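Since the structure is predicted, the reported quantities are computational estimates derived from the model, not experimental observations. For reference, positions follow the sequence shown, starting with 1.
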Amino acid sequence: MRVLLTGGAGYIGAHTAVALIEAGHDVIIVDDLSGTSAEAVARIETITGAAVPLLVADVRDEAAVAGFVAEHAPVDAVIHLAGLKAVGESMAEPVRYYDVNLGTTIALLKVMDTAGIRSLVFSSSATVYGTPEQLPLTEESPTGIDLANPYGKTKRIIEEILSDAAAADPGLAVVSLRYFNPVGAHTSGLIGEDPNGIPNNLMPFVSRVAIGSLEQVAVFGDDYDTPDGTGLRDYIHVSDLAAGHVAALEHAASGYAVYNLGTGEPVSVLDLIAAFERASGRSIPQVIVARRPGDVAASYADPAKAQRELGWTADLSIDDACRDYWNWQTQNPDGYPRG
Ligand code: UFG
């Protein structure tokens with residue numbers, strides 16, 4: 001298949017591009033490079049030996065994306081990963097989040113319709129569940145419980161839009177993948193997560209502390225109702241996540257489907273820091289502070305549906321993820337070189 005990846009130069013996109021190419025598919029990428037660098041695409045090419053055409057554009061620019069798709073016709077499928085993803089920023093700039101995340105999706109659906117592309121995989125998030133009523137989370141768990149931030153709402157609204165689009169057009173195959181917490185990096189150390197500024201998420205923050213560019217990890221609360229009092233999450237290696245996209249694409253059937261992509265294994269904040277200390281051989285200073293507003297105590301997947309229907313499971317451990325993240329971090333202490 002020839003697959004268009006929007007946001008294909010980003011953290012999850014770059015790993016997905018590698019996985020697709022290694023599975024025998026062709027990849028073309030549109031990315032505005034607002035959260036990454038063209039160097040990521042050069043490195044996808046280094047890892048795979050394949051040429052990967054890149055259009056630097058905002059996906060809302062329908063004419064540009066349509067032109068790129070026509071130039072590389074036939075394009076068989078789209079994986080839509082372009083979007084804004086910072087929870088805190090979405091609360092400060094909600095309109096921009098709705099504009100970008102919904103606008104890119106709608107523009108893409110129009111381009112797909114015109115070009116006759118019938119298959120779409122969407123980058124959703126476990127955040128759509130909001131505060132879990134029951135764990136582990138299955139695809140049938142209610143969504144939107146106390147969902148307070150615009151970022152999460154955009155994911156939930158996009159899922160609704162895609163479900164409606166698939167219902168109206170029997171030829172369309174649409175899959176939403178609800179990611180749990182992506183971590184790790186490609187084993188080569190050539191591609192990985194490259195957050196702008198001070199990271200919000202735990203593993204990139206811990207890694208910066210290990211390498212010495214940040215002083216200590218603030219553990220957001222140790223009074224949750226969890227075994228060690230800190231938050232439990234389902235950390236999934238980004239290469240497992242990437243393989244989940246390939247499986248979803250290869251199994252996509254007409255209609256709308258949703259899958260959790262997680263390991264099913266809850267890991268606490270303290271567990272993750274300890275694993276990173278083992279992987280890096282560094283001691284990681286940490287201090288317990290107050291809970292972060294909006295955080296849930298625990299969130300982890302029941303990944304059985306993806307296993308049953310896509311033949312996919314997460315195979316890599318938190319130790320693998322820490323090793324690979326550290327390898328990426330030490331080889332690229334400042335992320336990708338920026339031009
Ligand atoms: N944490 C800390 N210190 C930090 C950062 C995080 O203790 O400096 C803790 C959090 O409290 C939480 C865990 O580490 O218990 C994981 O936090 P992350 O920020 O890494 O991840 P979240 O689970 O909060 O965020 C993820 C996704 C978001 C998504 C959100 C919704 O990264 O995209 O889930 O639940 F919106």
Note, Ser188 side chain near Val18 side chain (heavy atom, < 4.5 Å): no

Trace of the side chain to side chain contact (heavy atoms under 4.5 Å, CB included) decision for Asp76 with Arg118: CA-CA 7 Å; Asp76 305 293; Arg118 316 302 289 141; over 6 Å; no

Non-hydrogen side-chain atoms of Asp234 and Leu137 separated by less than 4.5 Å: no

Single-linkage hydrophobic cluster, 4.5 Å side-chain cutoff, Leu102 and Val87 together: no

Verdict with reasoning, Leu270 to Gln286, per side chain to side chain contact (heavy atoms under 4.5 Å, CB included): CA-CA 9 Å; Leu270 299 183; Gln286 50 203 277; 3.6 Å; yes

Cluster overlap Ile211 with Met203, hydrophobic side-chain contacts below 4.5 Å: yes

Sequence neighbours excluded - salt bridge (Lys or Arg N to Asp or Glu O under 4.0 Å) pairs with any residue from residues 192-211: Asp194-Arg338

Nearest-0.5 Å distance, CD1 of residue Ile157 to CG of residue Asn101: 10.0 Å

Point-to-point distance, once rounded to the nearest 0.5 Å, from CE of Met112 to CG of Asp169: 9.5 Å

Salt bridge (Lys or Arg N to Asp or Glu O under 4.0 Å): pairs with one or both residues in residues 88-103, sequence neighbours excluded: Arg60-Asp99, Glu89-Arg96, Glu93-Arg96

OH on Tyr235 to CG on Asn201, rounded to 0.5 Å: 8.5 Å

Side chain to side chain contact (heavy atoms under 4.5 Å, CB included) evaluation trace for Glu277 with Ser283: CA-CA 6 Å; Glu277 285 186 321; Ser283 120; 4.2 Å; yes

Salt-bridge criterion met for Glu159 and Lys155 (N-O under 4.0 Å): no

Rounded distance [0.5 Å steps], OG in Ser124 versus CG in Leu177: 8.5 Å

Pairs where residues 12-32 contributes a residue and the test ring pair (Phe, Tyr, Trp, His ring centres under 6.0 Å) is met, not counting sequence neighbours: Tyr11-His15

Of all pairs that satisfy side-chain hydrogen bond (donor to acceptor under 3.5 Å, both in side chains), the ones with a partner from residues 132-145, not counting sequence neighbours: Thr143-Arg156

OG1-OH distance between Thr127 and Tyr151, expressed to the nearest 0.5 angstrom: 6.0 Å

ILVMFWY network linking Leu214 to Phe220, side-chain heavy atoms under 4.5 angstrom: no

Main-chain N/O of Ala210 paired to Arg282 side chain as donor or acceptor, under 3.5 Å: yes

Ring geometry between Phe276 and Trp326 (parallel below 30°, tilted from 30 to 60°, perpendicular above 60°): perpendicular

Aromatic contact, Phe122 with His245 (centres under 6.0 Å): no

Rounded distance [0.5 Å steps], CG in Leu172 versus CG in Leu109: 7.5 Å

Any donor-acceptor pair under 3.5 Å from Asp32 side chain to Ala57 backbone: no

Donor + acceptor pair across side chains of Thr187, Asp324 (<3.5 Å): no

Salt bridge flag under 4.0 Å for residues Asp113 and Lys110: no

Side chain Ser90, main chain Pro94, donor-acceptor under 3.5 Å: no

Pairs satisfying salt bridge (Lys or Arg N to Asp or Glu O under 4.0 Å), at least one member in residues 251-263, at least two apart: none

Quiz: residues 251-259 side-chain donor-acceptor pairs under 3.5 angstrom, not counting sequence neighbours:
| unit_1 | atom_1 | unit_2 | atom_2 | d |
| --- | --- | --- | --- | --- |
| His251 | ND1 | Ala247 | O | 2.8 |
| Tyr256 | OH | Ser176 | OG | 2.8 |
| Tyr259 | OH | Glu309 | OE1 | 2.7 |

Check: His80/Ser123 side-chain N/O donor and acceptor closer than 3.5 Å: no

Main-chain N/O of Leu81 paired to Thr6 side chain as donor or acceptor, under 3.5 Å: yes

Same apolar cluster: Ile28 and Val41, side chain cutoff 4.5 Å: no

Hydrophobic cluster membership, Ile318 vs Tyr179, 4.5 Å side-chain cutoff: yes

Chi angles and distances behind the side chain to side chain contact (heavy atoms under 4.5 Å, CB included) call for Leu272, Leu202: CA-CA 9 Å; Leu272 185 144; Leu202 183 61; 3.9 Å; yes

Sub-4.5 Å side-chain heavy-atom contact between Leu108 and Val78: yes

Note, Asp271 side chain near Val269 side chain (heavy atom, < 4.5 Å): no

Side chain Asp240, main chain Leu316, donor-acceptor under 3.5 Å: yes

NZ or CZ of Arg291 within 45° of Tyr224 ring axis and under 6.0 Å: yes

Under 3.5 Å donor-acceptor, Arg2 side chain and Asp26 backbone: no

Check: Asn260/Tyr129 side-chain N/O donor and acceptor closer than 3.5 Å: yes

